[in-house]
Amino acid sequence: MSASSGPPPRVTVPAFRSRKGSGTPLVVLTAYDVATATAAEAGGADCLLVGDSLGNVVLGHASTLPVTMEDMLHHARAVGRTRARALLVADMPWLSYHLGADDAVRNAARFVREAGADAVKLEGGSRRVPAIRAILDAEIPVMGHLGLTPQSVLRMGGYRVQGREAAEADALVREARVLAEAGVFSIVLEGIPAPLASRITSEVDVPTIGIGAGAGCDGQVLVIHDLLGMLPGPVPRFVRRYADLHGSAVEAIRRWAEDVRAGRFPSEDESYG
Ligand code: KIV
């Protein structure tokens with residue numbers, strides 16, 4: 001064993017940021033617990049995002065608006081205990097950064113202290129700059145999030161692709177520049193036309209991470225439940241399903257239930273003498 005062997009080094013915020021323009025897209029995946037964090041890391045994700053999509057795919061809410069700080073911390077702690085190498089980013093839930101800069105800093109710091117997060121993510125543009133600056137002043141890196149921001153579902157009137165009109169597209173480019181100038185280390189671009197995402201990517205000096213934003217971003221993110229087919233039902237157009245874990249789980253449980261009902265489970269080998 002050489003002296004240099006050992007666990008691979010952690011992905012840090014500066015290392016993540018420096019991948020802008022490297023030619024190898026960043027791989028970001030959501031994780032909410034031990035099973036999803038272990039799979040995401042073993043699969044090679046550069047960054048685990050404890051997303052507030054937790055509300056939809058884990059907690060059964062119809063939107064992310066009911067998700068609380070306590071919900072997020074409960075899952076961020078589990079991911080924090082599990083991750084080995086990937087950057088850990090925790091999503092700030094709705095109203096955890098809207099009520100004043102002090103409140104935003106206090107909530108962001110809980111993710112660092114209690115879950116071991118490396119950074120927080122929050123949604124929105126120039127209106128969120130005071131909160132972003134305050135969190136950065138407390139030495140906590142911030143990831144931005146623009147476009148189809150799910151916490152704005154009531155204002156948007158649904159989950160619709162944003163930035164289709166020229167004026168709206170120009171405004172999103174301006175907002176991305178404002179976030180980059182405020183000091184975010186990366187920006188998630190969600191649900192916007194691919195040419196607009198490419199334009200933003202070429203105009204900001206921090207990595208853009210796309211979801212439903214085409215191939216021109218510096219990286220991609222997906223919700224792990226969508227990628228693995230962990231839930232039944234349709235998925236958005238931008239999702240590519242690489243597995244059908246829900247189907248496999250139902251089939252495995254059906255076979256086990258049949259064995260139990262037929263008296264085939266447990267066998268002697270599966271019992272203590
Ligand atoms: O909450 C989430 O999972 C997210 C990603 C989809 C970007 O914000």
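Counting starts at 1 for both ligands and their atoms, following the listed order. These figures come from a predicted structure and were not determined experimentally.
In terms of polar-atom proximity, D52 is counted as a contact of ligand 1, with an N or O under 3.5 Å from an N or O of the ligand. Considering backbone and side-chain atoms together, D91 places an N or O closer than 3.5 Å to an N or O of ligand 1. Residue Y32 places no N or O, backbone or side chain, under 3.5 Å from any N or O of ligand 1.
Taking CD from E181 and CG from D205, the interatomic distance works out to 9.0 Å, rounded to the nearest 0.5 Å. Here H225 contributes atom NE2 and L231 contributes atom CG; the two are 5.5 Å apart, rounded to the nearest 0.5 Å. Interatomic distance, NE2 of H145 versus CD of E190, reported as 4.0 Å (0.5 Å rounding).
Atoms of ligand 1 found under 4.0 Å from any heavy atom of T30 (numbered from 1 in listed order, with element): 3 (O). Short contacts between ligand 1 and G51, defined as distances under 4.0 Å to a heavy atom of the residue, involve ligand atoms 1 (O), 2 (C), 3 (O). Counting the atoms of ligand 1 from 1 in the order shown, those under 4.0 Å from a heavy atom of I211 are 6 (C).
Contact of the F111 side chain with the M72 side chain is registered, since non-hydrogen atoms from C-beta on lie closer than 4.5 Å.
For atom 4 (C) of ligand 1, the closest non-hydrogen atom on the protein side is L49 CD2, 3.8 Å. If you check which protein heavy atom lies closest to atom 2 (C) of ligand 1, you get S53 OG, 3.3 Å. The closest protein non-hydrogen atom to atom 8 (O) of ligand 1 is K121 NZ, 3.0 Å.
Paired with L59 under the rule side-chain contact (heavy atoms from CB on, under 4.5 Å), one option of D71, T64, D52, T68 passes, and it is D71.
The two residues M92 and Q151 come nearest to each other via the heavy atoms O-NE2, 3.1 Å.
When the salt bridge (charged side-chain N to carboxylate O under 4.0 Å, His left out) test is applied to D137, no partner is found at least two apart in sequence or on another chain.
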